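Scope of the values below: all heavy atoms of this structure, side chains included, with no hydrogens, waters or symmetry mates. If you're wondering where the values come from, they're calculated on a predicted model, not measured in any experiment.
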Protein chains: 4
Amino acid sequence: MNHREGTEWRIRTAAVRALAKHGYANLSIKRIGEELGQSSSLLYHYFDDKDDLLLSTLDLIGEEFVEQQDHDEPSDPKADLADLIDAFFDPLSVAENSSTNEGEIEFKVVLVHVYAELWAQATRDERYRTKITELENQFVDEITQSLKRGIEENQFREVPPKKTAEHMFALFLHGLHTKTAVDRDEAAEMTRTSLYRLAERELSVDLRNFR
Amino acid sequence: MNHREGTEWRIRTAAVRALAKHGYANLSIKRIGEELGQSSSLLYHYFDDKDDLLLSTLDLIGEEFVEQQDHDEPSDPKADLADLIDAFFDPLSVAENSSTNEGEIEFKVVLVHVYAELWAQATRDERYRTKITELENQFVDEITQSLKRGIEENQFREVPPKKTAEHMFALFLHGLHTKTAVDRDEAAEMTRTSLYRLAERELSVDLRNFR
Amino acid sequence: MNHREGTEWRIRTAAVRALAKHGYANLSIKRIGEELGQSSSLLYHYFDDKDDLLLSTLDLIGEEFVEQQDHDEPSDPKADLADLIDAFFDPLSVAENSSTNEGEIEFKVVLVHVYAELWAQATRDERYRTKITELENQFVDEITQSLKRGIEENQFREVPPKKTAEHMFALFLHGLHTKTAVDRDEAAEMTRTSLYRLAERELSVDLRNFR
Amino acid sequence: MNHREGTEWRIRTAAVRALAKHGYANLSIKRIGEELGQSSSLLYHYFDDKDDLLLSTLDLIGEEFVEQQDHDEPSDPKADLADLIDAFFDPLSVAENSSTNEGEIEFKVVLVHVYAELWAQATRDERYRTKITELENQFVDEITQSLKRGIEENQFREVPPKKTAEHMFALFLHGLHTKTAVDRDEAAEMTRTSLYRLAERELSVDLRNFR
DNA sequence: GATGAATGAGGATTCATTCAT
DNA sequence: CATGAATGAATCCTCATTCAT
């Protein structure tokens, strides 16, 4: 991916890290500059203003999480679902486990934090709302597709795919928020369990094997 | 309730409204003063600083939502569950319906926003985290109790009550966040549906009647 | 004049001095603070922003120059005209002469500078234009009234009063600008001469006596 | 004129346009670059700094207005005076009339604005003052010469030429400033009338015919 | 109990300018 | 010749907070 270089990209990732570190409410241009290791005025060469930069940061999430799934080759819907769950929860639990691809995974963790952070802004800022909505729709679609294929191939029980996808996404999101926001360390694991139980009951599928 | 008066209470509710209106990131002492209709320096007589005031704001939520449930008289677990769901979603949909107790309900809506707003701060501020966790535990306990009673009285199927309560709370929270943060108006309704479906499948109970 | 006290007035006069000292283009909030001898953030308690303050500064000129003329008692039109000319040029030549009322006159000098300074802003800023126009109309009216009375009392020849007043004002203004802006020290005196010559030719009046 | 080409000249004219558009107080190197359509750092190849460029801008005015008058062939003093008046006021009223030489005249209008703009700087900056003074002297001389010739040839009444020229220039300048700065559209026309009346009374000449 | 005056630190952003290419 | 990267100082303004009254 050749877009992963150049000053603009460096600024964007610095913003992501600063956002994860300080939170939206305490994020200042100066801190982004510190994270970048350069003058904070530099970023005005590449972005209109703070929000422009932060907004552009959300695109990274789409690129990293959603678009990474490629649909060229036919794949196992069960495996897809299990992968999706792992993709979501691995970065969250990486702090403790931390095995391979250090930088890579760490960056994903950070992105998840960014998502949680900017999501709160969607309440009052139209631009954030639009982008977040778009992102969530992408994600729900991803799940919906997997469910549909699984149903077609008779691997899953016949459930309303969109509704079920949204239910699953609700659990994902709650896991994310709980993990990042609240004093319950077992939260991620609990959410994963909720998802497995849901898959078992509603889809009659055991995803545990794919872990 | 005699704690619902006096300057301190007026400041607290002004803070709640200001928080709902501007969001944590854009909340300033000055704006709270404006919402209060008095000098912003007044609040330093009653609170140590901004965070002290904001933190105390979270207590209002506990008082309004959780404590309102009284357990003196034995009640129908089904009805309890249905009430809980309504209590949570009514304020969110009140903008359209708006029937009775104007001020009262409006204040609840606002409280829900405040919760969503401060919740994001829990990530980085110990004090917020503690208080939010406490609040969420209260709420999950509430649900857990209802479930336990329902199971004892053979009204619900035998499920792990704590886990199920947490699953339900996850849906609650997701509904809340989605409704306040994202461009999907049908979100609250969808979450309500998810909860009913969950009750049906897991508890073998139809809560729709109690609406 | 009891409005000549209080913090607001102190800020306004500090702005006037800073404006005279540095010019509009080089005037910063910081410099106003320095001139005031207090924190520059203080002025935001009294004015919306920099322009609000600067605009309010123009009112001082109206108060000092135009309103000082009182029309209660009947007066000699010739003397009025001579006074007007003196009022305008004295502050300009005070740097050299400087006799009485030190502070008073000095403040007038400064006000004249302010006028010249902000006048340039009228080109691009509606608000400045409105206020400057208003001020100039006031001044031209003042002259027009004197001329009318002089004509009625057969002291002046019968000339179109408004047009003549505007011609005189043009000379005033040019004198002011030349004196403040250009390297010709005799400018003010020259303009005064122009005015006397104009009065002689057009009004058939010798104002020199009244000096 | 071969100096009307090359990058240096393009930069200078861009500065002139930017100055007319934004005013000295709001003029930035960046905006000059935008007006130029090239990188703003380019101008550091041709000028020492911002002031150097702006100062050099004043030379354009001399070139355009004063030097355009050629004295090789003997000419009618009346016509000269009428031409001078037209040269000054045509660019100002061009917005409405706009007939020939579009670009040419437009550029003159802009130059007049620039003059008014930089003139204000003369108050505090020696370098501006020197250049402006020089320019004004040039202009007054121009008028003085015409008057002298007119007197010698018995076309004008015998008046002190220098003083009269300065009086006329005062009116010119006032017309310019009033037109550009204040809300009186009839200002230019009024000043023209003042000049005609002055010519009539003092020089016993009717310039109206030459229009 | 309540206010308005006052402040210093920090907010985002723009500035003129330099430099390597 | 021309540019884009980069920067530190300066811009206006808002912030939370203190204090005398």
Discussion item. Does E:dA2 have OP1 or OP2 under 4.0 Å away from a side-chain N or O of B:Thr7?
Written reply: yes
Practice prompt. If F:dT21 has a Watson-Crick or G-U wobble mate with both distances under 3.5 Å, name it; if not, just say none.
Written response: E:dA2
Discussion item. Using Watson-Crick or G-U wobble geometry with both distances under 3.5 Å, which nucleotide pairs with E:dT7?
Written reply: F:dA16
Which of the following nucleotides, [options], is nearest to the side chain of [X]?
X	options	result
A:Lys50	F:dT7, F:dC13, E:dA12	E:dA12
A:His45	F:dT17, F:dA6, E:dA16	F:dA6
B:Ser41	E:dG1, F:dT18, E:dG8	F:dT18
A:Ser28	E:dT7, F:dC12, E:dG11	E:dG11
B:Leu42	F:dA6, E:dA2, E:dG8	E:dA2
D:Tyr44	E:dT18, F:dA6, F:dC15	E:dT18

What integer distance in Å separates [X]:[atom1] from [N]:[atom2]?
X	N	atom1	atom2	result
D:Leu36	F:dC1	CG	P	14 Å
D:Lys30	F:dA6	NZ	C1'	15 Å
B:Glu34	E:dG4	CD	P	13 Å
C:Ile11	E:dT7	CD1	C1'	13 Å
D:Leu43	F:dT3	CG	P	12 Å
B:Ile29	F:dT18	CD1	P	11 Å
C:Phe47	F:dT14	CZ	P	15 Å
D:Arg31	E:dC15	CZ	P	6 Å

Discussion item. I'd like to know if the side chain of D:Asp51 pairs up with that of D:Tyr128 as donor and acceptor (distance under 3.5 Å, no hydrogens or angles considered).
Written reply: yes
Worksheet item: Yes or no on side chain to side chain contact (heavy atoms under 4.5 Å, CB included) for B:Val114 and B:Leu60, after CA distance, side-chain angles and deciding distance?
Response: CA-CA 10 Å; B:Val114 165; B:Leu60 288 177; over 6 Å; no
Response to the item:
Assign each of B:Ser39 and A:Leu27 the nucleotide of DNA chain E bearing its closest heavy atom; nearer the 5' end lies the nucleotide of B:Ser39
Fill in: Of C:Tyr46 and D:Asn26, the one whose closest DNA chain E nucleotide lies more 5'
C:Tyr46
Item to complete: Spell out, as yes or no, whether a donor-acceptor pair under 3.5 Å connects the side chain of C:Asp125 to the backbone of C:Gln121.
Response: no
Worksheet item: Among C:Lys21, C:Arg10, C:Arg12, C:Lys30, which one satisfies salt bridge (charged side-chain N to carboxylate O under 4.0 Å, His left out) with C:Glu35?
Response: C:Lys21
Fill in: Close side-chain approach of A:Ile29 and A:Tyr44, heavy atoms under 4.5 Å
yes
